[in-house]
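Accompanying notes for the structure given below.
Note: hydrogens, waters and symmetry copies are ignored here, and every other heavy atom, side chains too, is used. Numbers restart at 1 for each chain; the letters A, B, ... are given by sequence-line order, proteins then strands.
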Amino acid sequence: MAEKIMLVDGNSIVNRAFYGVPLLTNAEGQYTNAVYGFFHILLKLMEEDRPDYLAVAFDLHAPTFRHETFAEYKGTRKGMPEELRQQMPLLKEVLRAMNVPIYEKEGFEADDLLGTLSRKAQEMGWTPILVSGDRDLLQLAEENVKVRIPKTKGGRTEVEDYFAKDVMEKYGVTPTEFIDVKALMGDASDNIPGVPGIGEKTAVKIIQQYHDLETAIAHTAEIKPKKASENLAEFQEQARLSRYLATIIRDVPVELERECGRADGIFTPEAYQWMKKLEFKSMLPRFEKEQAPSAAVESSFRKIDTKKDAKVFFDNLKKEETAYLLIQDQGAWQGMGVYQKDCGGVWLEIGGDLSEEELLGCADEFLRDKAWKKIGHEVKADVHLLYAHGYEDFSADFDTALAAYLMNPTANSYAYDDLARDFLAEACPSYEEVLGKGKSKKALSDLSMEERRDFCAKQAEVCFRAKAVLQQKLEENQQELLFYEVEMPLLYVLADMERWGMKVDRQALLAYQKTLGERVEEVSRQVYEMAGEEFNLNSPKQLGMILFKRLGLKGGKKTKTGYSTAADVLEKLRPEHPIIDKILEYRQLAKLKSTYADGLLAVLDEKTDKIYSTFHQTITATGRISSTEPNLQNIPIRLELGRELRKVFIPSSPEFCFLDADYSQIELRVLAHIAGDETLIEAFRQKQDIHRLTASQVFHVPFDEVTSLQRSNAKAVNFGIVYGIGAFSLSQDLGITRKEAENYIQQYFLKYPKIKEYLDRTVKEAEENGYVSTILNRRRAMPELQSKNFVQHAFGERVAMNMPIQGSAADIIKIAMIQVHRALKEGGFRSRLILQVHDELLIETAMEEKEAVEKILKEKMEQAVTLSVPLDVDVHEGNTWFEAK
DNA sequence: TTTTTCACG
DNA sequence: ACGTACGTGAAAAAA
């Protein structure tokens with residue numbers, strides 16, 4: 001059988017890929033979606049066709065012979081988007097790493113190179129397969145020359161294949177005649193003029209009859225629609241020109257290299273490194289398979305599953321740096337992975353001859369003795385597991401997940417496979433890859449002993465080796481203080497908060513639920529009555545139909561699926577119809593019932609009547625913590641009815657009460673400090689009302705004559721500054737015109753020039769460095785600022801302005817939490833830190849400790865860091881959370 | 001699984 | 001001309 005060569009139009013495929021795959025970036029902020037899509041398509045096609053050779057052709061920027069003939073050629077083309085342009089050199093680099101020959105020739109397009117190479121291939125007795133994203137290439141189809149046109153949509157690639165007969169079938173003309181059709185109809189995308197008034201239909205009809213342009217011109221008079229006949233007569237030169245432009249040249253001076261570009265040679269180690277660097281996880285297995293076709297390597301990992309061996313192992317374990325992993329699966333502890341420099345990876349499995357308690361018995365000294373420097377991953381989970389077995393203050397020295405989070409807080413996950421890829425540049429199978437997902441998900445215990453040993457011990461190895469890299473990077477980034485003195489100690493504080501939980505008055509919550517249930521019923525009945533029918537009031541789609549169709553209210557489309565029924569939209573419709581009021585009331589009640597009353601009861605512990613939230617330390621982009629199952633950081637407070645809910649949160653014992661401390665204006669204080677704005681700093685030092693001050697500055701009124709409306713408007717301006725202000729949004733928020741909002745902002749910057757300078761400087765530095773950072777050197781990468789897309793770039797600017805402020809505030813309260821926790825512990829208090837809500841700490845305290853604890857709380861929070869402005873903390877006490885605010 | 005809505009700082 | 005404030009998580013509907 002003849003050898004096959006796949007010839008690819010690089011530009012058109014990478015274009016398709018770019019628009020078919022959503023924008024992706026890797027950890028370095030490099031856009032990768034087009035390159036990903038390109039190889040996704042290429043590998044798929046290669047698998048299907050199994051070509052022996054491979055080559056890719058590209059256009060050059062330089063004008064081609066077509067431009068010299070016709071200056072307007074491709075004149076309507078827009079430039080490549082910046083996000084794609086950046087990926088072009090990358091794509092070529094990877095292709096070179098794969099030893100794929102790249103063809104580029106000044107004065108010619110990729111099409112011409114493909115036409116020429118395909119002819120030369122045929123002369124050598126090879127069968128060409130042509131791959132392109134556009135149909136121009138169809139003119140090259142032959143009886144055994146296939147043209148393949150891949151389409152990527154929604155992550156799936158479909159391919160249309162054309163041999164000569166397929167072109168005939170679909171277009172009714174031969175591939176060669178296809179050129180003549182194009183000469184008549186033109187091509188808008190390439191700006192080929194064609195003949196006016198002749199479109200695809202007419203052009204095909206004419207060519208079917210006369211087979212080529214010249215014959216058609218010779219018979220112009222006979223051509224049917226009169227308009228077409230006249231125009232062909234008048235524009236015959238333009239048609240000839242179009243034909244010339246549309247014809248792919250097949251004798252470009254290039255040589256087809258026989259030996260380079262073997263299709264089976266693309267899976268090189270260099271290419272593999274690129275795939276890892278670009279985070280193309282799904283492509284890695286292909287490369288691994290190709291690289292190590294058969295080598296059945298002996299596992300270097302050891303398994304221990306008897307008490308005797310475990311004892312010997314731990315007795316001989318050297319007192320040096322050790323990665324340990326307490327592996328849990330399906331809610332149960334499965335065993336322990338251990339890795340040291342010399343002993344390598346070991347898997348200690350809980351099961352037949354080694355129980356949990358026996359393993360702990362053997363590992364006891366290791367777990368307790370600080371002489372072992374312990375490297376863990378998600379150590380908070382280990383703290384909980386070991387606490388349940390009587391280890392009250394287990395601690396580790398390095399949490400690789402926390403360190404990885406500091407390297408890039410916007411990553412989706414910090415699992416072992418992520419560590420391996422990002423910090424070791426190698427592939428490690430993920431849980432999903434090993435155990436599957438969804439229905440067919442396996443348990444760790446379903447694996448064979450060898451698989452389990454290798455998988456778990458490998459994780460310990462990755463953890464150990466990644467630590468060295470992370471440690472180095474923490475040092476380079478000057479993040480050691482942040483890591484060792486903030487994030488690591490905080491983990492134990494969060495573990496204590498999670499373990500302690502928060503007590504709830506179950507009866508009060510049930511009563512609240514019942515009241516809400518009744519009111520939800522009542523209000524929904526009223527809504528149905530006013531609407532004239534029953535419908536699903538929770539469905540925005542159905543509600544939209546009722547409001548905007550049945551009742552004929554005028555609502556602008558807002559969402560991508562239909563009418564928006566969000567509260568701010570309904571609010572504007574309030575005067576139009578009394579139903580709106582009821583709907584808003586329903587929404588409020590339904591939210592409180594489903595999310596809060598029902599939601600909290602669902603997670604309320606039967607035995608203790610406590611709620612045990614989980615606090616996440618590696619989720620947010622700014623350094624805040626988050627809370628789930630339930631989220632205790634968004635318990636209602638702004639509206640009275642919701643605020644009532646806080647009455648059900650009570651201290652864990654009747655002798656206790658709550659102390660709630662919150663930072664006053666922490667973000668604005670941080671801003672004043674970072675920007676060094678004297679006016680603002682002085683105002684905070686004088687304990688001035690900051691919103692009132694802003695109002696007097698922006699609205700040019702004496703401080704004492706500021707009205708309450710002016711003050712609240714100024715408050716919105718201050719908020720806007722912190723979020724990275726925009727005139728439009730401020731105007732929306734305040735219900736004023738955009739012009740007025742612009743004026744407010746302008747006045748603000750006039751009075752606080754240092755703030756303006758700071759915001760500008762931050763964005764500029766973010767663009768230059770690629771990241772922004774907080775007072776403790778917490779970083780966030782800013783790939784958005786590389787975008788030429790207006791919306792994305794503007795978003796990036798706002799993020800750059802906001803992150804240092806929000807993030808520094810997060811740094812500060814984290815320090816306060818650690819110090820408060822430590823002081824309570826060292827002072828032997830019974831008081832406990834219960835909750836953090838970004839600028840607020842909640843403690844429950846025994847009556848006799850109250851005053852001492854209040855002092856600790858306020859002082860530790862206010863003294864957490866020293867800024868050029870004082871930090872001010874308000875403390876309230878109460879017997880419920882409601883009272884303590 | 002994604003979208004819409006809404007609760008918090 | 002673009003489409004619009006920063007950071008979260010949960011419930012319900014729609015796809």
Angle class for the His40(A)/Tyr36(A) ring planes (parallel below 30°, perpendicular above 60°, tilted otherwise)? parallel

Between P of dG3(C) and CZ of Phe795(A), the distance in whole Å: 15 Å

Sugar-phosphate, base or nothing in reach of Ala567(A), heavy atoms under 4.0 Å: sugar-phosphate

Winner on side-chain proximity to Thr561(A), out of dG9(C), dA12(C), dT3(B), is dT3(B)

Between P of dG9(B) and NZ of Lys885(A), the distance in whole Å: 6 Å

Assign the ring pair Trp881(A) / Phe649(A) to parallel, tilted or perpendicular, where the plane angle (0 to 90°) is split at 30° and 60°. perpendicular

Looking only at dA13(C), dT5(B), dG9(B), the nucleotide nearest the Asp839(A) side chain is dG9(B)

Determine whether Leu482(A) and Asn777(A) make a side-chain contact, defined as any pair of heavy atoms from C-beta on separated by less than 4.5 Å. no

Scan Val722(A) against the nucleic acid and name what it touches under 4.0 Å (heavy atoms): base, sugar-phosphate only, or nothing. nothing

Atom OH of Tyr596(A) to atom C1' of dA11(C): distance rounded to whole Å? 10 Å

Quickly work out the Tyr723(A) OH to dT4(C) P distance and round it to whole Å. 17 Å

To the nearest Å, give me how far apart CZ (Arg624(A)) and C1' (dG9(B)) are. 5 Å

What I want to find out is whether Lys756(A) reaches Asp760(A) closely enough, with some N-O distance under 4.0 Å, to be called a salt bridge. yes

Which of dC6(B), dT8(C), dG3(C) is nearest the side chain of Val791(A)? It is dG3(C)

Over all strands shown, is Asn634(A) touching base, sugar-phosphate only, or nothing at heavy-atom distances under 4.0 angstrom? base

Regarding Ala590(A), tell me which of base, sugar-phosphate or nothing describes its non-hydrogen contacts under 4.0 Å with the strands shown. nothing

Quick note, Glu629(A) side chain, CB onward, closest among dA7(B), dT5(B), dA10(C) is dA10(C)

With a 4.0 Å cut-off on N to O distance, would you call Glu844(A) and Lys503(A) a salt bridge? no

Given dA14(C), dG9(C), dC8(B), identify the nucleotide with an atom nearest to the side chain of Ile619(A). dG9(C)

Candidates dT3(B), dA10(C), dC8(B) - which lies nearest the side chain of Thr628(A): dA10(C)

Does OP1 or OP2 of dT4(C) have a side-chain N or O of Arg738(A) closer than 4.0 Å? no

For the side chain of Thr595(A), starting at C-beta, report the closest nucleotide among dA13(C), dA11(C), dC8(B). dA11(C)

Determine the interatomic distance between P on dG3(C) and the same-named atom on dT4(B); round to the nearest Å. 15 Å

What closest approach, in Å, do Val772(A) and Ala766(A) show between heavy atoms, and which atom pair accounts for it? CG1-CB, 3.6 Å

Per the side chain to side chain donor-acceptor pair (under 3.5 Å) rule, which among Gln86(A), Glu83(A), His793(A) passes with Ser787(A)? Glu83(A)

So, is Ser626(A) near the phosphate of dG9(C), with a side-chain N or O under 4.0 Å from OP1 or OP2? yes

So, does Ser539(A) get its side chain near the phosphate of dA14(C), meaning an N or O under 4.0 Å from OP1 or OP2? yes

Contact class for Ile637(A) vs. all strands (heavy atom < 4.0 Å): base, sugar-phosphate, or nothing? sugar-phosphate

Does the side chain of Arg798(A) get closer than 4.0 angstrom to OP1 or OP2 of dA5(C) through an N or O atom? no

Centroid distance under 5.5 Å and plane angle under 30°, Phe790(A) vs dC2(C): no

Nucleotide of dA7(B), dG7(C), dA5(C) approaching Leu730(A) most closely (side-chain heavy atoms): dA5(C)

Closest nucleotide among dA13(C), dG9(B), dA7(B) to the His838(A) side chain: dG9(B)

Counting Watson-Crick and G-U wobble pairs only, both distances under 3.5 Å, name the nucleotide matched with dC2(C), or none. none

Salt-bridged, Glu82(A) to Arg85(A), with N to O below 4.0 Å? yes

By the 4.0 Å heavy-atom rule, please label Arg587(A) as base, sugar-phosphate, or nothing. sugar-phosphate

Base paired to dA15(C) (Watson-Crick or G-U; both N/O distances under 3.5 angstrom): none

Mind calculating the distance between CG (Leu589(A)) and C1' (dA12(C)) to the nearest angstrom? 17 Å

Pairwise P distance, dT5(B) and dT4(C) [rounded to whole Å]: 13 Å

Atom CG of Leu570(A) to atom P of dT5(B): distance rounded to whole Å? 9 Å

Just to be sure I understand the rule, does Asn789(A) reach a base, reach only the sugar-phosphate, or reach nothing, if contact means heavy atoms closer than 4.0 Å? nothing

Between dC2(C) (C1') and Lys788(A) (NZ): distance, integer Å: 15 Å

Among dG9(B), dG7(C), dG9(C), the one nearest Asn802(A) by side-chain distance: dG7(C)

Ignoring backbone atoms, test whether Lys541(A) places a side-chain nitrogen or oxygen under 4.0 Å from the OP1 or OP2 oxygen of dT3(B). no

Does Arg780(A) make a side-chain donor-acceptor contact with the base of dG7(C), cut-off 3.5 Å? no

N or O in side chain of Thr565(A) less than 4.0 angstrom from dT5(B) OP1/OP2: yes

What about Gln633(A): does its side chain form a donor-acceptor pair under 3.5 Å with the base of dC8(B)? no

